[in-house]
Amino acid sequence: ALRVAEVEKGKTPEDFQQVYNAIAKKIIDDDEYDNYIGYGPVLVRLSWHSAGTFDKNDNSGGSYGGTYRFPKETNDPSNKGLQNAKAFLEPIYEQFPWISHGDLYTLGGVTALQEMQGPKVPWRPGRVDLPESATPENGRLPDAENGADYVRNFFKRFGFTDQEVVALIGAHALGKTHMANSGYEGPWGAATNTFSNEFFVNLLNEQWKKEKTEAGNSQYNSPSGFMMMPTDFALKEDNTYLKYVKKYAENQDVFFEDFKNAYKKLLENGIEFPEGTPTIVFKTLDEQEQ
Ligand code: HEM
Ligand SMILES: Nc1cccc2nccn12
(Lines give C-alpha, C1' and ligand atoms only; values in the text may rest on other atoms or scores of the structure.)
(Ligands and ions follow the chains in the order given, each with its own letter.)
Protein backbone atom coordinates (compact mmCIF):
# COMPACT_ATOMS: atom_id res chain seq x y z
CA ALA A 1 0.00 0.00 0.00
CA LEU A 2 1.18 3.52 -0.76
CA ARG A 3 2.45 5.47 2.25
CA VAL A 4 2.13 9.22 1.62
CA ALA A 5 3.61 11.56 4.21
CA GLU A 6 1.28 14.18 5.76
CA VAL A 7 3.07 16.60 8.09
CA GLU A 8 1.31 16.91 11.47
CA LYS A 9 -1.19 19.77 11.10
CA GLY A 10 0.31 23.23 11.57
CA LYS A 11 3.66 21.89 12.81
CA THR A 12 6.90 23.54 11.68
CA PRO A 13 10.57 22.48 11.77
CA GLU A 14 10.84 24.46 15.04
CA ASP A 15 8.16 22.24 16.62
CA PHE A 16 10.19 19.15 15.72
CA GLN A 17 13.36 20.79 17.04
CA GLN A 18 11.53 21.11 20.37
CA VAL A 19 10.83 17.35 20.34
CA TYR A 20 14.51 16.75 19.48
CA ASN A 21 15.57 18.94 22.42
CA ALA A 22 13.24 17.15 24.86
CA ILE A 23 14.63 13.75 23.81
CA ALA A 24 18.24 15.03 23.94
CA LYS A 25 17.72 16.48 27.45
CA LYS A 26 16.13 13.25 28.66
CA ILE A 27 19.11 11.26 27.35
CA ILE A 28 21.32 13.50 29.53
CA ASP A 29 19.01 13.23 32.58
CA ASP A 30 18.55 9.44 32.42
CA ASP A 31 22.28 8.76 32.10
CA GLU A 32 22.39 5.76 34.49
CA TYR A 33 20.64 3.37 32.08
CA ASP A 34 22.54 0.17 31.20
CA ASN A 35 25.48 0.85 33.52
CA TYR A 36 25.78 4.45 32.36
CA ILE A 37 25.84 3.68 28.64
CA GLY A 38 22.61 5.68 28.55
CA TYR A 39 19.61 5.46 26.23
CA GLY A 40 21.37 6.59 23.03
CA PRO A 41 22.20 3.17 21.57
CA VAL A 42 18.84 1.53 22.37
CA LEU A 43 17.01 4.51 20.82
CA VAL A 44 19.02 4.03 17.62
CA ARG A 45 18.16 0.32 17.69
CA LEU A 46 14.44 1.10 18.12
CA SER A 47 14.49 3.42 15.09
CA TRP A 48 16.12 0.64 13.03
CA HIS A 49 13.69 -2.04 14.22
CA SER A 50 10.66 0.16 13.57
CA ALA A 51 11.89 0.66 9.99
CA GLY A 52 13.40 -2.81 9.61
CA THR A 53 10.09 -4.62 9.06
CA PHE A 54 9.85 -2.97 5.63
CA ASP A 55 9.23 -5.16 2.58
CA LYS A 56 9.63 -3.40 -0.77
CA ASN A 57 7.73 -6.20 -2.54
CA ASP A 58 4.38 -5.09 -1.14
CA ASN A 59 5.47 -1.85 0.58
CA SER A 60 4.32 -3.33 3.92
CA GLY A 61 5.89 -2.70 7.32
CA GLY A 62 8.50 0.01 7.75
CA SER A 63 8.58 3.16 9.88
CA TYR A 64 5.44 4.86 8.45
CA GLY A 65 2.58 3.39 10.50
CA GLY A 66 4.27 3.35 13.91
CA THR A 67 2.97 -0.21 14.42
CA TYR A 68 5.80 -0.98 16.89
CA ARG A 69 3.42 0.58 19.47
CA PHE A 70 1.11 -2.47 19.22
CA PRO A 71 1.76 -5.55 21.43
CA LYS A 72 2.30 -7.97 18.54
CA GLU A 73 5.32 -5.98 17.35
CA THR A 74 6.52 -4.77 20.78
CA ASN A 75 6.61 -8.41 21.89
CA ASP A 76 8.38 -9.79 18.80
CA PRO A 77 11.31 -11.77 20.30
CA SER A 78 13.59 -9.81 17.94
CA ASN A 79 12.55 -6.64 19.82
CA LYS A 80 13.51 -7.90 23.29
CA GLY A 81 15.08 -5.01 25.23
CA LEU A 82 13.53 -2.27 23.10
CA GLN A 83 10.72 -1.92 25.68
CA ASN A 84 13.26 0.29 27.52
CA ALA A 85 13.38 2.68 24.57
CA LYS A 86 9.58 2.57 24.27
CA ALA A 87 9.23 3.52 27.96
CA PHE A 88 11.81 6.30 27.53
CA LEU A 89 9.73 7.83 24.70
CA GLU A 90 6.33 7.58 26.45
CA PRO A 91 6.72 10.88 28.42
CA ILE A 92 8.00 12.55 25.24
CA TYR A 93 4.79 11.47 23.48
CA GLU A 94 2.74 12.83 26.41
CA GLN A 95 4.51 16.17 26.09
CA PHE A 96 3.99 16.25 22.28
CA PRO A 97 0.81 14.18 21.67
CA TRP A 98 0.48 15.64 18.17
CA ILE A 99 3.44 13.66 16.84
CA SER A 100 2.89 10.36 15.01
CA HIS A 101 4.57 7.26 16.47
CA GLY A 102 6.47 6.66 13.22
CA ASP A 103 7.90 10.18 13.41
CA LEU A 104 8.65 9.75 17.14
CA TYR A 105 10.53 6.44 16.76
CA THR A 106 12.63 7.67 13.83
CA LEU A 107 13.25 11.09 15.42
CA GLY A 108 14.38 9.31 18.60
CA GLY A 109 17.11 7.52 16.65
CA VAL A 110 18.24 10.64 14.78
CA THR A 111 18.39 12.62 18.04
CA ALA A 112 20.36 9.90 19.82
CA LEU A 113 22.81 9.52 16.93
CA GLN A 114 23.50 13.26 16.65
CA GLU A 115 23.85 13.66 20.43
CA MET A 116 26.39 10.78 20.39
CA GLN A 117 28.55 12.84 17.98
CA GLY A 118 27.27 10.96 14.93
CA PRO A 119 26.62 12.58 11.54
CA LYS A 120 23.73 15.02 10.96
CA VAL A 121 20.88 13.00 9.45
CA PRO A 122 18.39 15.08 7.40
CA TRP A 123 14.91 14.01 8.57
CA ARG A 124 11.44 14.45 7.10
CA PRO A 125 8.18 14.35 9.12
CA GLY A 126 4.76 13.07 8.05
CA ARG A 127 4.55 9.40 8.94
CA VAL A 128 0.90 8.68 9.80
CA ASP A 129 -0.19 6.16 12.50
CA LEU A 130 -1.81 3.07 10.98
CA PRO A 131 -4.31 0.81 12.78
CA GLU A 132 -3.31 -2.38 14.61
CA SER A 133 -4.42 -4.41 11.58
CA ALA A 134 -1.43 -2.97 9.68
CA THR A 135 1.06 -4.50 12.16
CA PRO A 136 3.43 -6.82 10.28
CA GLU A 137 3.90 -10.39 11.48
CA ASN A 138 6.87 -11.26 13.72
CA GLY A 139 10.06 -12.58 12.17
CA ARG A 140 10.91 -9.83 9.68
CA LEU A 141 14.05 -8.72 11.55
CA PRO A 142 17.43 -10.40 11.00
CA ASP A 143 18.91 -13.30 12.99
CA ALA A 144 22.57 -12.83 13.96
CA GLU A 145 23.46 -16.56 13.80
CA ASN A 146 24.21 -16.31 10.07
CA GLY A 147 26.84 -15.57 7.44
CA ALA A 148 27.38 -13.17 4.54
CA ASP A 149 24.97 -14.83 2.08
CA TYR A 150 22.15 -14.51 4.60
CA VAL A 151 23.00 -10.85 5.29
CA ARG A 152 23.14 -9.99 1.56
CA ASN A 153 19.87 -11.77 0.88
CA PHE A 154 18.13 -10.27 3.91
CA PHE A 155 18.78 -6.68 2.89
CA LYS A 156 17.55 -7.27 -0.69
CA ARG A 157 14.04 -6.76 0.81
CA PHE A 158 14.98 -3.10 1.35
CA GLY A 159 16.79 -2.53 -1.95
CA PHE A 160 20.11 -1.84 -0.17
CA THR A 161 23.51 -2.24 -1.88
CA ASP A 162 26.44 -4.10 -0.29
CA GLN A 163 27.97 -0.74 0.61
CA GLU A 164 24.80 0.47 2.35
CA VAL A 165 24.57 -2.80 4.32
CA VAL A 166 28.15 -2.54 5.61
CA ALA A 167 27.68 1.12 6.53
CA LEU A 168 24.44 0.42 8.43
CA ILE A 169 25.91 -2.41 10.51
CA GLY A 170 28.60 0.05 11.60
CA ALA A 171 25.96 1.18 14.11
CA HIS A 172 27.26 -1.73 16.19
CA ALA A 173 29.92 0.67 17.41
CA LEU A 174 27.15 1.73 19.81
CA GLY A 175 25.98 0.06 23.00
CA LYS A 176 26.22 -3.67 23.66
CA THR A 177 24.49 -7.05 23.45
CA HIS A 178 22.64 -8.44 26.46
CA MET A 179 22.37 -12.18 27.15
CA ALA A 180 18.78 -11.87 28.38
CA ASN A 181 17.72 -10.06 25.18
CA SER A 182 19.51 -11.88 22.38
CA GLY A 183 21.72 -14.69 23.72
CA TYR A 184 24.88 -12.64 23.06
CA GLU A 185 26.87 -10.75 25.66
CA GLY A 186 29.37 -7.87 25.49
CA PRO A 187 31.47 -5.99 24.70
CA TRP A 188 32.74 -5.80 28.24
CA GLY A 189 33.75 -2.42 29.54
CA ALA A 190 34.34 -1.23 25.99
CA ALA A 191 30.65 -0.50 25.25
CA THR A 192 30.35 3.01 23.90
CA ASN A 193 27.85 5.82 23.57
CA THR A 194 29.92 7.78 21.07
CA PHE A 195 29.43 7.13 17.37
CA SER A 196 32.59 6.30 15.45
CA ASN A 197 34.11 3.87 12.90
CA GLU A 198 35.55 1.70 15.68
CA PHE A 199 33.34 -1.27 14.82
CA PHE A 200 35.33 -1.60 11.57
CA VAL A 201 38.71 -0.84 13.19
CA ASN A 202 38.12 -3.54 15.82
CA LEU A 203 36.77 -6.04 13.28
CA LEU A 204 40.04 -5.78 11.31
CA ASN A 205 42.58 -5.32 14.10
CA GLU A 206 41.48 -7.45 17.07
CA GLN A 207 42.42 -11.11 17.55
CA TRP A 208 39.16 -13.10 17.46
CA LYS A 209 38.29 -16.37 19.12
CA LYS A 210 34.99 -18.11 18.24
CA GLU A 211 33.18 -19.25 21.40
CA LYS A 212 29.75 -20.51 22.40
CA THR A 213 27.57 -18.35 24.61
CA GLU A 214 25.51 -19.81 27.46
CA ALA A 215 22.50 -19.44 25.14
CA GLY A 216 24.19 -21.70 22.58
CA ASN A 217 24.96 -18.92 20.11
CA SER A 218 28.40 -18.40 18.56
CA GLN A 219 30.22 -15.17 19.13
CA TYR A 220 33.75 -13.93 18.48
CA ASN A 221 35.58 -12.55 21.49
CA SER A 222 38.84 -10.60 21.67
CA PRO A 223 41.34 -10.49 24.58
CA SER A 224 40.67 -6.76 25.01
CA GLY A 225 36.98 -7.42 25.66
CA PHE A 226 35.39 -6.74 22.27
CA MET A 227 32.86 -9.12 20.65
CA MET A 228 31.30 -9.75 17.29
CA MET A 229 28.21 -11.71 16.36
CA PRO A 230 28.38 -14.07 13.34
CA THR A 231 26.64 -11.54 11.06
CA ASP A 232 29.17 -8.91 12.17
CA PHE A 233 32.09 -11.22 11.52
CA ALA A 234 30.64 -12.14 8.11
CA LEU A 235 31.50 -8.62 6.92
CA LYS A 236 35.23 -9.47 6.95
CA GLU A 237 34.78 -13.00 5.55
CA ASP A 238 33.06 -11.79 2.36
CA ASN A 239 35.43 -10.16 -0.15
CA THR A 240 32.93 -7.57 -1.36
CA TYR A 241 31.85 -6.54 2.15
CA LEU A 242 35.52 -6.55 3.26
CA LYS A 243 36.32 -3.83 0.73
CA TYR A 244 33.89 -1.47 2.51
CA VAL A 245 34.99 -2.59 5.99
CA LYS A 246 38.53 -1.50 5.09
CA LYS A 247 37.35 1.77 3.56
CA TYR A 248 35.42 2.66 6.73
CA ALA A 249 38.20 1.53 9.07
CA GLU A 250 40.59 3.83 7.21
CA ASN A 251 38.36 6.89 6.92
CA GLN A 252 35.77 7.87 9.53
CA ASP A 253 34.49 10.82 7.46
CA VAL A 254 33.64 8.51 4.54
CA PHE A 255 31.92 6.13 6.99
CA PHE A 256 29.87 8.98 8.49
CA GLU A 257 28.76 10.19 5.05
CA ASP A 258 27.75 6.72 3.85
CA PHE A 259 26.07 5.86 7.17
CA LYS A 260 24.04 9.09 7.10
CA ASN A 261 22.75 8.31 3.59
CA ALA A 262 21.94 4.67 4.30
CA TYR A 263 20.28 5.44 7.65
CA LYS A 264 18.10 8.15 6.04
CA LYS A 265 17.11 5.68 3.31
CA LEU A 266 16.25 3.08 5.99
CA LEU A 267 14.05 5.49 7.97
CA GLU A 268 12.25 6.75 4.84
CA ASN A 269 11.98 3.48 2.88
CA GLY A 270 8.61 3.07 1.14
CA ILE A 271 7.32 6.55 2.01
CA GLU A 272 6.33 9.15 -0.61
CA PHE A 273 7.08 12.66 0.68
CA PRO A 274 5.03 15.24 -1.30
CA GLU A 275 6.59 18.40 -2.70
CA GLY A 276 6.97 20.95 0.08
CA THR A 277 7.60 18.44 2.86
CA PRO A 278 10.35 20.13 4.92
CA THR A 279 13.74 18.40 5.23
CA ILE A 280 15.02 19.19 8.73
CA VAL A 281 18.68 19.09 9.81
CA PHE A 282 18.42 19.36 13.58
CA LYS A 283 20.76 21.45 15.71
CA THR A 284 22.44 19.51 18.51
CA LEU A 285 21.99 20.81 22.06
CA ASP A 286 25.61 22.01 21.95
CA GLU A 287 24.82 24.10 18.87
CA GLN A 288 21.96 25.92 20.64
CA GLU A 289 22.70 28.33 23.47
CA GLN A 290 21.23 26.32 26.35
C1 HEM B 1 22.46 -8.19 10.08
C2 HEM B 1 21.83 -7.15 10.66
C3 HEM B 1 21.73 -7.00 12.16
C4 HEM B 1 21.63 -7.97 13.13
C5 HEM B 1 21.55 -9.49 12.97
C6 HEM B 1 21.60 -7.26 14.42
C7 HEM B 1 21.48 -7.90 15.65
C8 HEM B 1 21.64 -7.26 16.88
C9 HEM B 1 21.59 -7.93 18.15
C10 HEM B 1 21.34 -9.42 18.36
C11 HEM B 1 21.83 -6.98 19.11
C12 HEM B 1 21.88 -7.19 20.63
C13 HEM B 1 20.55 -6.81 21.27
C14 HEM B 1 20.62 -6.99 22.78
O15 HEM B 1 21.10 -8.08 23.18
O16 HEM B 1 20.21 -6.07 23.53
C17 HEM B 1 22.02 -5.71 18.43
C18 HEM B 1 22.27 -4.52 19.07
C19 HEM B 1 22.28 -3.28 18.42
N20 HEM B 1 22.00 -3.06 17.09
FE21 HEM B 1 21.93 -4.48 15.65
N22 HEM B 1 21.69 -5.91 14.21
C23 HEM B 1 21.75 -5.70 12.86
C24 HEM B 1 21.79 -4.46 12.22
C25 HEM B 1 21.70 -3.24 12.87
C26 HEM B 1 21.46 -1.96 12.20
C27 HEM B 1 21.25 -1.80 10.68
C28 HEM B 1 21.45 -1.00 13.18
C29 HEM B 1 21.23 0.49 13.08
C30 HEM B 1 21.40 1.21 11.97
C31 HEM B 1 21.69 -1.68 14.44
C32 HEM B 1 21.81 -1.04 15.67
C33 HEM B 1 22.05 -1.70 16.88
C34 HEM B 1 22.40 -1.02 18.12
C35 HEM B 1 22.57 0.50 18.31
C36 HEM B 1 22.55 -2.02 19.10
C37 HEM B 1 22.91 -1.83 20.58
C38 HEM B 1 21.63 -1.75 21.38
C39 HEM B 1 21.87 -1.58 22.89
O40 HEM B 1 23.01 -1.26 23.30
O41 HEM B 1 20.88 -1.76 23.66
N42 HEM B 1 21.84 -3.04 14.22
N43 HEM B 1 21.90 -5.91 17.07
N1 LIG C 1 28.26 -2.96 20.53
C2 LIG C 1 27.63 -3.91 19.77
C3 LIG C 1 26.24 -3.98 19.71
C4 LIG C 1 25.65 -4.92 18.90
C5 LIG C 1 26.36 -5.79 18.15
C6 LIG C 1 27.76 -5.68 18.23
N7 LIG C 1 28.70 -6.38 17.58
C8 LIG C 1 29.90 -5.90 17.96
C9 LIG C 1 29.72 -4.90 18.88
N10 LIG C 1 28.37 -4.77 19.02
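When reading the values below, keep in mind they use all heavy atoms of this one structure, side chains included, and skip hydrogens, waters and symmetry mates. In listed order, ligands and their atoms are each counted from 1.
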Test: E164 and K265 ion pair at under 4.0 Å: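 Salt bridge flag = yes for K265 with E164.
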Cation-aromatic face contact R127/Y64, 6.0 Å, 45 degrees: no
K283 to Y20, cation-pi by 6.0 Å centre distance and 45° axis angle: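 Negative - K283 is either too far from the ring of Y20 or too far off its axis.
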Donor-acceptor pair between N251 and D253 side chains, under 3.5 angstrom: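 Side chains of N251 and D253: no pair found under 3.5 Å.
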Contacts of K210 that satisfy side-chain contact (heavy atoms from CB on, under 4.5 Å) - sequence neighbours left out: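 Checked K210 against side-chain contact (heavy atoms from CB on, under 4.5 Å); matches are S218, Y220.
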Name each donor-acceptor pair under 3.5 Å that joins a side chain in residues 33-40 to protein atoms two or more places apart or in another chain, with its distance.
| unit_1 | atom_1 | unit_2 | atom_2 | d |
| --- | --- | --- | --- | --- |
| Y33 | OH | N84 | ND2 | 3.0 |
| D34 | OD1 | H178 | NE2 | 3.4 |
| D34 | OD2 | H178 | NE2 | 2.7 |

Residue pair K247, E250: steps toward the salt bridge (Lys or Arg N to Asp or Glu O under 4.0 Å) verdict: CA-CA 5 Å; K247 190 166 97 166; E250 279 152 22; over 6 Å; no
Nitrogen or oxygen contacts under 3.5 Å, ligand 2 side and protein side:
| unit_1 | atom_1 | unit_2 | atom_2 | d |
| --- | --- | --- | --- | --- |
| ligand 2 | 1 (N) | H172 | O | 3.0 |
| ligand 2 | 1 (N) | L174 | O | 3.3 |
| ligand 2 | 1 (N) | G175 | O | 2.9 |
| ligand 2 | 7 (N) | D232 | OD2 | 2.8 |
| ligand 2 | 10 (N) | H172 | O | 3.2 |

Ring geometry between F195 and F259 (parallel below 30°, tilted from 30 to 60°, perpendicular above 60°):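 Ring orientation of F259 relative to F195: tilted.
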Over 12 foreign heavy atoms within 6.0 Å of CD, E14: yes
Between the protein and ligand 1, are there any N or O atom pairs that come within less than 3.5 Å of each other, and if so, what are their names and distances?
| unit_1 | atom_1 | unit_2 | atom_2 | d |
| --- | --- | --- | --- | --- |
| ligand 1 | 15 (O) | H178 | N | 2.8 |
| ligand 1 | 15 (O) | H178 | O | 3.3 |
| ligand 1 | 15 (O) | S182 | OG | 2.7 |
| ligand 1 | 16 (O) | H178 | ND1 | 2.7 |
| ligand 1 | 16 (O) | N181 | ND2 | 2.9 |
| ligand 1 | 20 (N) | H172 | NE2 | 3.0 |
| ligand 1 | 22 (N) | H172 | NE2 | 3.0 |
| ligand 1 | 40 (O) | K176 | N | 2.9 |
| ligand 1 | 40 (O) | K176 | O | 3.2 |
| ligand 1 | 42 (N) | W48 | NE1 | 3.3 |
| ligand 1 | 42 (N) | H172 | NE2 | 2.8 |
| ligand 1 | 43 (N) | H172 | NE2 | 3.1 |

